[in-house]
Visitor: 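Sharing a structure with you now.
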Amino acid sequence: MIDRYNFHEIEAKWQNHWESTNLYAQQEKDNLPRYYCLEMFPYPSGRLHMGHVRVYSIGDVIARSKRMQGYNVLHPMAWDAFGLPAENAAIQHGIHPHKWTWSNIDHMKQELKKLGFSYDWSREYATCDPTYYKWTQWLFLFLYKHGLAYRKRAAVNWCPSCATVLANEQVVAGLCERCDTAAEKADLEQWFFRITDYADRLLDELDKLEGWPEKVKAMQANWIGRSHGTEIIFGIEGFDDKLPVFTTRPDTVFGVTYMVIAPEHPLVGKLIAGQENEAEIRAFVKEILSQDEITRTSEETEKKGMFTGRYAVNPLNNEQIPILIGNYVVGGYGTGAVMGVPAHDHRDFAFAKEYGLLVKTVIVPEVVTEGAKTGEAYVDDGVLTGSGQFTGLTSQEAKEKITAHLKKSGQGGPKVNYRLRDWLISRQRYWGTPIPIVYCEKCGTVPVPEEDLPVLLPTDVEFRPTGRSPLVDCDEFVSTSCPKCGGPARRETDTMDTFIDSSWYFLRYTDPHNTESPFAKKKADAWMPVDQYIGGVEHAILHLLYSRFFQMVLADYGMVDADIPFESLLAQGMVLQDGAKMSKSKGNVVDPDRIVAQYGADTARLFILFASPPERDLEWSDEGVEGAYRFINRVWRLVVEYVDLIKDVPRDMPEELGPRERELRRIVHGSVKKITSDIFDRYSFNTAISAIMELVNGLYQYKDIPTGKQDLGVVREAIELLLLVLAPFTPHVAEELWHRLGHSESIHRQLWPAYDEAATKAEEITIVVQVNGKVRDRVVVPAGSETEAVKERVLAQPRVQEYVANKTIVKTVVVPGKLVNIVVK
RNA sequence: GCCCGCUUAGCUCAGUAGGUAGAGCACCAUCCUUGUAAGUUGGGGGUCGUUGGUUCGAAUCCGACAGCGGGCUCCA
């Protein structure tokens, strides 16, 4: 009976064994150095996809290899369980979100277990569970208490398909990031978190995040969009109102020939009132406002403007300039008004041409170049002209002086502008954390007292796609009494953005069963910040920015010491099939369950880690999976065939080894050295696996020697090292073979192997011989040969003689242990 | 328009102080089984995107250019 690789049996056996022996549960007591390895938790959508398999495989290699290095590793898993799909399932299929979510969690948990990931399941939780969202509510009140949560009426993004408002971060290029529907504007009273209070720190402290990819940091910096400039307050002819603008080019202020305000600017109504073409202007404004954001801000959309009939006054030269309403001015950025300087801004130039506005040059190049372009704006810095007392200054000097002048005269001054806006957290949906606020006729807005938490989400509600939360119609939820005066009151019916749930979930893992607080400071401090965080780059702004914000706030108010959530971040690439991201709509999805059923978890994991470096995209390949499977079989046969021979062989190395044994040890120890640095220094798992494959090839070659002439001690050492370095990648087969070799303790409790540096050194070295930089020959010399001796050997070579004959040797370059280059003329 | 990444064998990708271009898959041959399936050993195959430069020597460092991919963008 052939002993074949039966992954079904092996994987089930060890998964059960690991679980029953609590192999991966954290021991809080021990005094080993701690390591917190975390992958982004999944939304329980129903089934795992390859992206999940990839991120969790990467995390598991890190967790397992760190454990082998002697760390006390925290490697938890939980569920990001609030969200729209659950509610949509309720509307479409009549399944309650609670039931839908929990049945998905059950299924996906089984899938994760079948993949053999080393999670400490004792720390599992779901964000939709009251024992979790109680603390999400507590944290909302914490922010409220510190003035960081507030309610205001504002023009907000509305997704008609999701039937809820969205934060700015959740609108990508004008589209809802979840469903790609064009976002609309709505004027609503909503709850916000004051993330803009932290704008400077969120930007400046990006530098602290040394273990983060530059790309992610650049995206966050871009999003925060800090811009240093000047505020200039223009007057309005015939009105007391002022018209402030923000500009980064105060040096061009003498070139302002018009003003443009956004159609949603608060002064629009006042300015156009009583104009003879008021109706026409109103129609124009209405038309622009009816457009969705993408159309309006598209590069192709024509810039349109209309004169209001009013004039602004330039505070520096008292010139009167027309005020226009323009479609290209965004109401929400800066002051919603811009000064038009057609001579020195491309957009203004095009606009001025179109509407016959004046072009007034106030900056000239410092060095006048011949054939300077006419007919377009000069946008670079230069020297001021026609700018009153500032004429003759360079742009740089003028920016400072003009800003200072404005400040002194109370007409403006330095100003910092941000693109980042406060985080809108209200959602008009059911399946989320209720906002713990009560509205009382007498007392106004009243936070729910801590002892009354959690505000439970009612289960008995009706799901209809009405565009408002089912909670609105749930009278027993809405009607309550005021915690302050006891009088009749209404509950807030909006729920929180689910990104709040995930902005602190990494803290909950450190103390998941706490019933007194979200987490004990002592426990959080023992683990935070997360040493290695792993997830998709699609969260570069949203989740990663919000989490940084939360952590800063919590650190500021003494909840935790660490002020950054994640020390290092690994942004893993996508899983592609035929060059495109796997998606149901494209029909190019590979089902992980099928792969695991057909080849086993070890093969699935090995392939996915071998096919690409973690941070790069991965092209799915059925042949590649087949190859990984064959490799595991190759390891299996190798070890199984040796087991009886080497099981009882002593481990100590004999003093004298033959040349083939020394060669095998060189391969083995050299491989372990490379694998060690690939895993721990570079997270280069694909090359580590490649080195393991070469190691196996080396073992097979040694196996060709007749058994009687093999040194089984060397073989035993080689095979044990092979299994140890394989353990983080293919944990089941490594464990099985480890035990077959006679070990009784888990391979996942072993220490990472040290390698014998001396054994990695070759005794004979092939020296490459170059003549004028071209490879002409190679010679074999003993390791550590003297430079002069090598030189002599090389020059004595017949091939070298041929090339050197009749020529002068100009120079001989010797790289010890590697090559000799003879330069001839 | 700006920023980032990539370009190496038929395919997917390594190449870590500039010094012999490499793994896996695929392909061909070999042997073993020759009842499939699997397995063993060996082999072919690359002007390292193009082009200048630095160097004794460049896939590697520097400068242009091209192609592909990603991110940001009427942000005043």
Side-chain angles (χ1 to χ4, degrees), chain A residues 2 4-5 172-173 213-216 218-219 221-223 225-227 229-230 232 245-249 252 260 262 296-303 326-330 332-341 345-348 350-351 417-419 537 540-541 573-574 576 579 606-607 610-613 615-628 630-631 633-634 637 674 677-678 681-682 684 686-694 697 700-701 703-704 766-778 810-824:
Chain A
I2 308 160
R4 299 190 70 161
Y5 169 51
V172 179
E214 288 304 319
K215 184 182 163 184
V216 172
M219 284 169 77
N222 221 328
W223 183 261
R226 182 166 67 193
S227 166
T230 302
I232 305 177
V245 300
F246 174 77
T247 180
T248 53
R249 292 298 302 272
T252 66
V260 194
R296 193 174 144 195
T297 60
S298 157
E299 201 83 48
E300 287 95 63
T301 305
E302 193 196 341
K303 291 183 178 42
N327 63 347
Y328 70 99
V329 177
V330 186
Y333 183 79
T335 61
V338 299
M339 58 186 212
V341 189
D345 182 280
H346 291 305
R347 292 158 309 178
D348 293 349
F351 189 76
N417 229 327
Y418 301 90
R419 214 179 83 112
V537 74
I541 296 170
M574 290 185 295
L576 311 177
L606 187 71
F607 163 71
F610 178 54
S612 174
E615 64 280 3
R616 291 262 291 260
D617 288 348
L618 181 155
E619 178 69 30
W620 185 263
S621 152
D622 290 333
E623 295 78 27
V625 177
E626 197 74 46
R630 279 215 287 268
F631 172 73
N633 273 283
R634 200 165 146 78
R637 283 192 307 274
K674 178 176 164 52
S677 102
D678 279 356
D681 304 341
R682 307 199 299 150
S684 180
N686 56 329
T687 54
I689 293 166
S690 176
I692 296 174
M693 289 172 171
E694 290 180 57
N697 287 343
Y700 264 97
Q701 285 185 353
K703 193 162 165 281
D704 262 7
T766 306
I767 299 282
V768 172
V769 181
Q770 295 182 336
V771 179
N772 286 349
K774 292 202 166 47
V775 180
R776 297 302 183 191
D777 202 359
R778 43 202 69 171
V810 181
K811 193 175 177 182
T812 308
V813 181
V814 181
V815 181
K818 276 191 176 160
L819 122 172
V820 176
N821 185 16
I822 301 157
V823 186
V824 296

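Small disclaimer: the values here were computed from a predicted structure and weren't measured. Just the heavy atoms: all of them, side chains too, but no hydrogens, waters or symmetry mates, feed the values below. Each chain gets a letter, A, B and so on, in the order the sequences are listed, and its residues count up from 1.
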Visitor: Between B/G44 and B/U30, how many Å separate the two C1' atoms, rounded to a whole number?
Guide: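 To the nearest whole Å, 14 Å.
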Visitor: Please tell me which of A/Gln770 and A/Asn222 maps to the more 5' nucleotide of RNA chain B, matching each residue to the nucleotide holding its nearest heavy atom.
Guide: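 Result: A/Gln770.
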Visitor: Scan nucleotides 23-26 of chain B against the protein and return all N/O pairs shorter than 3.5 Å with their distances rounded to 0.1 Å.
Guide:
| unit_1 | atom_1 | unit_2 | atom_2 | d |
| --- | --- | --- | --- | --- |
| B/A23 | O2' | A/Ser690 | OG | 3.4 |
| B/G24 | OP1 | A/Asn697 | ND2 | 3.3 |
| B/A26 | OP1 | A/Arg630 | NH2 | 3.2 |
| B/A26 | OP2 | A/Arg630 | NH2 | 3.0 |

Visitor: Could a donor-acceptor pair under 3.5 angstrom be found where the side chain of A/Lys811 meets the base of B/C56?
Guide: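 It does not, because no donor-acceptor pair links the side chain of A/Lys811 to the base of B/C56 below 3.5 Å.
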Visitor: Just compare B/G39, B/C74, B/A76 and give me whichever is closest to any side-chain atom of A/Arg347.
Guide: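 Looking only at side-chain atoms, A/Arg347 lies closest to B/C74.
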Visitor: Answer yes or no: does a side-chain N or O of A/Gln701 lie under 4.0 Å from OP1 or OP2 of B/U40?
Guide: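 Answer is no, no contact under 4.0 Å.
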Visitor: Could you tell me whether A/Val823 contacts a base, only the sugar-phosphate backbone, or nothing, with contacts defined as non-hydrogen atoms closer than 4.0 Å?
Guide: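 Sugar-phosphate only.
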Visitor: Please answer whether the main-chain N or O of A/Arg347 pairs with a side-chain N or O of A/Tyr328 as donor and acceptor at a distance below 3.5 Å.
Guide: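 Such a contact is absent between A/Tyr328 side chain and A/Arg347 backbone.
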Visitor: According to a strict under-4.0 Å criterion, is A/Arg634 in side-chain N/O contact with OP1 or OP2 of B/U40?
Guide: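 Answer yes for this pair, as a side-chain N or O of A/Arg634 is under 4.0 Å from OP1 or OP2.
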Visitor: Base, sugar-phosphate or nothing for A/Ala611? Non-hydrogen atoms, less than 4.0 Å.
Guide: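 Sugar-phosphate: the residue A/Ala611, judged by heavy atoms under 4.0 Å, touches backbone atoms but no base.
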Visitor: Would you please test A/Val341 and A/Arg249 for side-chain contact (heavy atoms from CB on, under 4.5 Å) and show each step?
Guide: CA-CA 9 Å; A/Val341 189; A/Arg249 292 298 302 272; over 6 Å; no
Visitor: Counting heavy atoms from C-beta on, name the nucleotide in B/A76, B/U41, B/C74 closest to the side chain of A/Thr248.
Guide: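 Of the options given, the side chain of A/Thr248 lies nearest B/A76.
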Visitor: First locate atom CG of A/Asn821, then atom NZ of A/Lys811, and finally report the distance between them rounded to the nearest 0.5 Å.
Guide: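 It comes to 9.0 Å.
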Visitor: Take atom C1' in B/G53 and the same atom in B/A58, then report the distance between them in whole Å.
Guide: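 Looking at atom C1' only, B/G53 and B/A58 are 11 Å apart.
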Visitor: Could you give the distance from CZ (A/Arg419) to CZ (A/Arg226), rounded to the nearest 0.5 Å?
Guide: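 Spacing of CZ (A/Arg419) from CZ (A/Arg226) equals 15.0 Å.
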Visitor: Using a heavy-atom cut-off of 4.0 Å across all strands, would you classify A/Ser612 as base, sugar-phosphate, or nothing?
Guide: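 Counting heavy atoms under 4.0 Å across all strands, no contact is made by A/Ser612.
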Visitor: Atom CD of A/Glu694 and atom CG of A/Asn697: how far apart are they, to the nearest 0.5 Å?
Guide: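 Here the interatomic distance stands at 7.5 Å.
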Visitor: Using the P atom as the point on both nucleotides, what is the distance between B/C48 and B/C2, in whole Å?
Guide: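 These two P atoms come out 30 Å apart once rounded.
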Visitor: Which nucleotide sits closest to the side chain of A/Tyr328: B/U40, B/C74, B/C13?
Guide: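 Selected nucleotide: B/C74.
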Visitor: With heavy atoms under 4.0 Å as the rule, sort A/Val245 into base, sugar-phosphate or nothing.
Guide: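 No contact at all - A/Val245 keeps every heavy atom at 4.0 Å or more from the nucleic acid.
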Visitor: Using the rule given for side-chain contact (heavy atoms from CB on, under 4.5 Å), can you reason through A/Val813 versus A/Gln770, listing the C-alpha separation, both sets of side-chain angles and the distance that settles it, and then say yes or no?
Guide: CA-CA 9 Å; A/Val813 181; A/Gln770 295 182 336; over 6 Å; no
Visitor: Between B/U73 and B/U51, how far apart are the two P atoms, rounded to whole Å?
Guide: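 Nearest-Å result for B/U73 against B/U51 at atom P: 38 Å.
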Visitor: Measuring from the side chain of A/Val330 (C-beta onward, heavy atoms only), which nucleotide among B/C56, B/A14, B/C75 has the closest atom?
Guide: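 Selected nucleotide (nearest to the side chain): B/C75.
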Visitor: Return the OG1 to CD1 distance between A/Thr247 and A/Ile232, rounded to the nearest 0.5 Å.
Guide: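 Output value for this atom pair is 6.0 Å.
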Visitor: Return the value, rounded to whole Å, for the distance between atom CD of A/Glu615 and atom P of B/C13.
Guide: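 In whole Å, B/C13 P and A/Glu615 CD are 13 Å from each other.
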Visitor: If anything within 90° of 0 is syn and all else is anti, what is B/A17?
Guide: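 With its glycosidic angle within 90° of zero, B/A17 counts as syn.
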Visitor: Pick base, sugar-phosphate or nothing for A/Arg682, based on heavy-atom distances below 4.0 Å to the nucleic acid.
Guide: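 Base contact.
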Visitor: Taking atom P in both B/G46 and B/G10, compute the distance separating them and give it to the nearest angstrom.
Guide: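 So the two P atoms sit 7 Å from each other.
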Visitor: Find the distance between CD1 (A/Ile767) and CG (A/Leu819) and round it off to the nearest 0.5 Å.
Guide: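 One finds 7.5 Å between CD1 of A/Ile767 and CG of A/Leu819.
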Visitor: Please report, rounded to the nearest Å, how far the C1' atom of B/G39 is from the CG atom of A/Asp704.
Guide: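 To the nearest whole Å, that distance equals 13 Å.
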Visitor: Any chance you could encode RNA chain B as dot-bracket? Rule is Watson-Crick or G-U wobble with both distances under 3.5 Å; [ ] for pairs crossing earlier ones, | for another strand.
Guide: (((((((..((((.....[..)))).(((.(.......).))).....(((((..]....))))))))))))....
Visitor: Round to the nearest Å and state the distance from A/Met339 atom CE to B/C75 atom C1'.
Guide: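 It is 14 Å, rounded to the nearest whole Å.
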Visitor: Between B/G42, B/U73, B/A76, which nucleotide has the shortest distance from any of its atoms to the side chain of A/Arg419?
Guide: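 Between B/G42, B/U73, B/A76, the one nearest the side chain of A/Arg419 would be B/U73.
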Visitor: Say you pick atom P in B/G67 and the same atom in B/C56; how far apart are they, in whole Å?
Guide: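 The same atom, P, in both gives a distance of 35 Å.
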Visitor: Just the rounded figure in Å: distance from P of B/G39 to NZ of A/Lys703.
Guide: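 Answer to the nearest Å: 14 Å.
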Visitor: Is there a side-chain contact between A/Leu618 and A/Phe607 in this structure, where contact means two heavy atoms from C-beta onward sitting under 4.5 Å apart?
Guide: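 Yes, their side chains come closer than 4.5 Å.
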Visitor: Could you walk me through whether A/Val820 and A/Val814 pass side-chain contact (heavy atoms from CB on, under 4.5 Å), step by step?
Guide: CA-CA 5 Å; A/Val820 176; A/Val814 181; 4.3 Å; yes
Visitor: Could you tell me how far B/C25 sits from B/G42 if I compare only their P atoms? Round to whole Å.
Guide: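 Roughly 14 Å separates the two P atoms.
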Visitor: Rounded to the nearest angstrom, tell me the gap between atom CG in A/Asp678 and atom C1' in B/U16.
Guide: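 It works out to 8 Å between those atoms.
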Visitor: Between A/Arg4 (CZ) and B/A37 (P), how many Å, whole number?
Guide: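 These atoms are roughly 12 Å apart.
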Visitor: Write down the distance between CE (A/Met219) and P (B/G5), rounded to a whole number of angstrom.
Guide: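 About 14 Å, once rounded to whole Å.
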Visitor: Output the rounded distance in Å from CE (A/Met574) to P (B/C6).
Guide: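 After rounding, the reported distance stands at 16 Å.
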Visitor: What's the closest nucleotide to the side chain of A/Arg616 if the choices are B/A76, B/C74, B/C6?
Guide: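 The listed nucleotide nearest to A/Arg616's side chain is B/C6.
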Visitor: Pick the nucleotide of RNA chain B nearest each of A/Lys674 and A/Arg249; which residue has the one closer to the 5' end?
Guide: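 Its nucleotide being nearer the 5' end, the pick is A/Lys674.
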Visitor: Counting side-chain heavy atoms from C-beta on, which of B/C6, B/A76, B/G39 comes nearest to A/Arg637?
Guide: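 Comparing B/C6, B/A76, B/G39 against the side chain of A/Arg637, the answer is B/G39.
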Visitor: So which nucleotide from B/G71, B/C13, B/C56 ends up closest to the side chain of A/Val813?
Guide: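 Nearest to the side-chain atoms of A/Val813, counting from C-beta on, is B/C56.
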Visitor: Is any side-chain heavy atom of A/Val260 closer than 4.5 Å to one of A/Phe351?
Guide: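 Contact flag for A/Phe351/A/Val260 side chains = yes.
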Visitor: Rounded to the nearest 0.5 Å, how far apart are OG1 of A/Thr248 and CG of A/Asn417?
Guide: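 Here the rounded value is 10.0 Å.
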Visitor: Could you give the distance separating B/G70 and B/C75 at their C1' atoms, to the nearest angstrom?
Guide: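 The answer is 22 Å between these two C1' atoms.
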Visitor: Nearest to the A/Val768 side chain among B/U20, B/G39, B/C75, which nucleotide is it?
Guide: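 Nearest listed nucleotide: B/U20.
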Visitor: Please evaluate residues A/Asp348 and A/Lys303 with respect to the criterion side-chain contact (heavy atoms from CB on, under 4.5 Å), reporting the C-alpha separation (whole Å), side-chain torsions for both, the decisive distance (0.1 Å), and the verdict.
Guide: CA-CA 10 Å; A/Asp348 293 349; A/Lys303 291 183 178 42; over 6 Å; no
